[in-house]
> 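Have a look at this one before I ask anything.
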Amino acid sequence: MGLRTALLQTDIEWGNPAANRASAEEIIRGLRDTDIALLPEMFATGFMASDTSLAEPPDGPSATWMRRTAAETGIAVAGSLIIRDNAGKPCNRFLFAFPDGRIAWYDKRHLFSFSGEDRHYAPGRRRVVVEYAGFRILPMVCYDLRFPVWSRNRSDYDAAVYVASWPAGRTGAWDALLRARAIENQCYVLGINRVGNDPSASYAGHSVALDFFGTPLTGPLPDGQPGVLHAELDRAELDAFRERFRAWEDADSFSLTV
């Protein structure tokens, strides 16, 4: 058995964390045969690039909800939130809640300057790999997708997860870059994007689960419509492919200054 994933392509009610948590919980509690439920970027509020008024502490209501839901359902829950854990700027934080109560986190490294996110949020300073159900998972957030060096597989992960609020006008780039990350890193890639509208953009979804060839593992959801995409990742198939086609051995060595 592989890693059974559910990609929740949700519409997000602007600035209403309680409503968004409730709608996500209803979906998650209805899932069967699922190891992990993946939510979009800033799933509790919508992508509030220049408004941090709804920032929560690390143990705030949304993170607590993630822990509780994971524990009660046995399904890991992951997605990003606005989190403030010090006196400075908040972070766009990817949280990974394990069913056993643990929580791992990664702060978005590449802040979307086009929307002013870089002026209101602090960038992440560390790259994180989460181990779960026999898979090493690289958490990433939206704009990180455009920077392949940060996503570079150093033979340390098996699946990259990109949670996003990626506008409909740039859907072509979303589709192409997700496929490129899968092929160049010889890994599974999961892209979870929202649908609906907020005050600054519209979102078409295009959530997808790709294998290491960049091939979708399942059919797409309808454009612009909420829904759940199910895909199972097979570690044995991935390992066999990497052993057969050892491109990773020829990768350039490099160092990265953060």
Side-chain angles (χ1 to χ4, degrees), residues 1-13 17-46 56 60-81 83 92-106 128 130-142 157-166 178 188-196 203 205-210 216-221 225-235:
M1 183 182 297
L3 181 65
R4 300 167 299 180
T5 68
L7 285 62
L8 277 60
Q9 182 169 286
T10 59
D11 193 351
I12 299 172
E13 187 172 330
N20 292 318
R21 290 192 299 266
S23 61
E25 181 166 347
E26 182 177 3
I27 297 170
I28 294 169
R29 290 189 180 277
L31 297 174
R32 298 293 180 268
D33 301 320
T34 301
D35 297 310
I36 181 170
L38 298 160
L39 292 155
E41 179 183 23
M42 293 193 186
F43 69 85
T45 58
E56 300 181 16
S62 294
T64 299
W65 168 81
M66 293 175 74
R67 277 197 172 105
R68 175 179 57 79
T69 302
E72 293 177 358
T73 63
I75 299 170
V77 179
S80 95
L81 298 167
I83 298 292
N92 186 344
R93 179 165 292 179
F94 184 121
L95 296 179
F96 191 110
F98 295 82
D100 64 6
R102 290 178 297 133
I103 197 158
W105 54 270
Y106 158 75
V128 176
V130 177
E131 295 194 17
Y132 177 64
F135 276 77
R136 299 168 301 170
I137 299 169
L138 181 77
M140 292 277 151
V141 182
C142 203
Y157 72 84
D158 308 302
V161 175
Y162 295 88
V163 300
S165 290
W166 196 283
L178 286 170
Y188 291 104
V189 165
L190 306 176
I192 303 91
N193 193 30
R194 65 161 295 183
V195 294
Y203 304 90
H206 278 235
S207 299
V208 67
L210 301 169
L217 294 170
T218 185
L221 295 168
Q225 297 300 309
V228 180
L229 196 66
H230 296 274
E232 184 169 342
L233 314 187
D234 189 313
R235 177 65 189 270

> Around E131, counting heavy atoms of other residues, nucleotides and ligands shown, do more than 12 lie under 6.0 Å from its CD?
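Not buried by this count: 12 neighbours or fewer within 6.0 Å.
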
> Between V208 and L178, is any pair of side-chain heavy atoms under 4.5 Å apart?
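They are in contact (side-chain heavy atoms under 4.5 Å apart), so the answer is yes.
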
> Which heavy atom in I75 sits nearest to a heavy atom in T34, and how many Å separate them?
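Heavy-atom minimum between the residues: CG1-O, 3.4 Å.
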
> Over all heavy atoms of both residues, which pair between L229 and A209 is shortest? Give the atoms and the distance, please.
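Smallest heavy-atom distance, with atoms named: CD2-N, 4.1 Å.
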
> Could you grab the distance from atom CD1 of I27 to atom CG of L8, nearest 0.5 Å is fine?
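Result: 5.0 Å between the selected atoms.
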
> Using modelled atom types and a 3.5 Å cut-off, is there a donor and acceptor pairing between side-chain atoms of T64 and backbone atoms of S62?
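It does not hold such a pair.
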
> What is the minimum heavy-atom distance between P40 and V163, and which atoms define it?
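Looking at all heavy atoms of both residues, the shortest contact is C-CB, 3.9 Å.
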
> Could you list the residues that satisfy side-chain hydrogen bond (donor to acceptor under 3.5 Å, both in side chains) with E25, not counting sequence neighbours?
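Partners of E25 under the side-chain hydrogen bond (donor to acceptor under 3.5 Å, both in side chains) test: R29, W65, R68.
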
> Could you list the residues that satisfy ring pair (Phe, Tyr, Trp, His ring centres under 6.0 Å) with F135, not counting sequence neighbours?
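If we apply the ring pair (Phe, Tyr, Trp, His ring centres under 6.0 Å) test to F135, skipping adjacent residues, there are no hits.
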
> With sequence neighbours left out, what residues match Y132 under ring pair (Phe, Tyr, Trp, His ring centres under 6.0 Å)?
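Per chain and number, Y132 pairs via ring pair (Phe, Tyr, Trp, His ring centres under 6.0 Å) with F96, F98.
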
> What pair of heavy atoms forms the shortest contact from M66 to V77, and how long is it?
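What the structure gives for the nearest pair is CE-O, 3.4 Å.
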
> Please name all residues satisfying side-chain hydrogen bond (donor to acceptor under 3.5 Å, both in side chains) with Q9, sequence neighbours left out, ordered by chain then number.
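Per chain and number, Q9 pairs via side-chain hydrogen bond (donor to acceptor under 3.5 Å, both in side chains) with S207.
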
> Check whether any side-chain N or O of E41 sits under 3.5 Å from a backbone N or O of V141 as a donor-acceptor pair, and report yes or no.
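No.
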
> Does a side-chain heavy-atom distance below 4.5 Å link V128 with W105?
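With C-beta onward as the side chain, the pair stays apart.
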
> To the closest 0.5 Å, what do you measure between CZ (R32) and CZ (R4)?
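It comes to 12.0 Å.
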
> Short question: side chain of E56, backbone of L81 - any donor-acceptor pair under 3.5 Å?
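Such a contact is absent between E56 side chain and L81 backbone.
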
> To the nearest 0.5 angstrom, please state how far the CD1 atom of I137 sits from the CG atom of L233.
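Taking CD1 in I137 and CG in L233, the distance rounds to 8.0 Å.
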
> Under the side-chain hydrogen bond (donor to acceptor under 3.5 Å, both in side chains) rule, collect the residues that match up with R67, sequence neighbours excluded.
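Expected list: none.
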
> Using atom types as modelled and distance alone, determine if a side-chain donor or acceptor of Y188 lies under 3.5 Å from a backbone N or O of D234.
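Yes, Y188 side chain to D234 backbone: donor-acceptor pair under 3.5 Å.
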
> Could you report the tightest heavy-atom contact between V130 and A104, atom names first, then the distance?
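Shortest heavy-atom separation between V130 and A104 comes out as CG2-CB, 3.9 Å.
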
> With sequence neighbours left out, write down each residue that passes side-chain hydrogen bond (donor to acceptor under 3.5 Å, both in side chains) with N193, or none if nothing qualifies.
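Scan of N193 (side-chain hydrogen bond (donor to acceptor under 3.5 Å, both in side chains), adjacent residues dropped) gives none.
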
> So which heavy atom on A76 is nearest to which on P99, and how close?
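A76 and P99 have their closest heavy atoms at N-CG, 3.8 Å.
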
> Quick check against the 3.5 Å criterion: does T45 have a side-chain atom that pairs as donor or acceptor with the backbone of P17?
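Checking the backbone N and O of P17 against the side chain of T45, no donor-acceptor pair under 3.5 Å is found.
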
> Are side-chain heavy atoms of E232 and L217 found at a separation under 4.5 Å?
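Of all side-chain heavy-atom pairs linking L217 with E232, none is under 4.5 Å.
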
> Rounded at 0.5 Å granularity, tell me how far CZ in R194 sits from CG in D11.
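Going from the CZ atom of R194 to the CG atom of D11 covers 5.5 Å.
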
> Starting at CD1 of I12, measure out to OG of S165 and round the result to the nearest 0.5 Å.
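So the gap between those two atoms works out to 5.0 Å.
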
> Using only atom types and a distance under 3.5 Å, with no angle test, would you say the side chain of N20 pairs donor to acceptor with the backbone of E13?
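Present.
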
> For the atom pair CZ (F94) and CG (L39), what is the distance rounded to the nearest 0.5 Å?
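Here the interatomic distance stands at 9.5 Å.
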
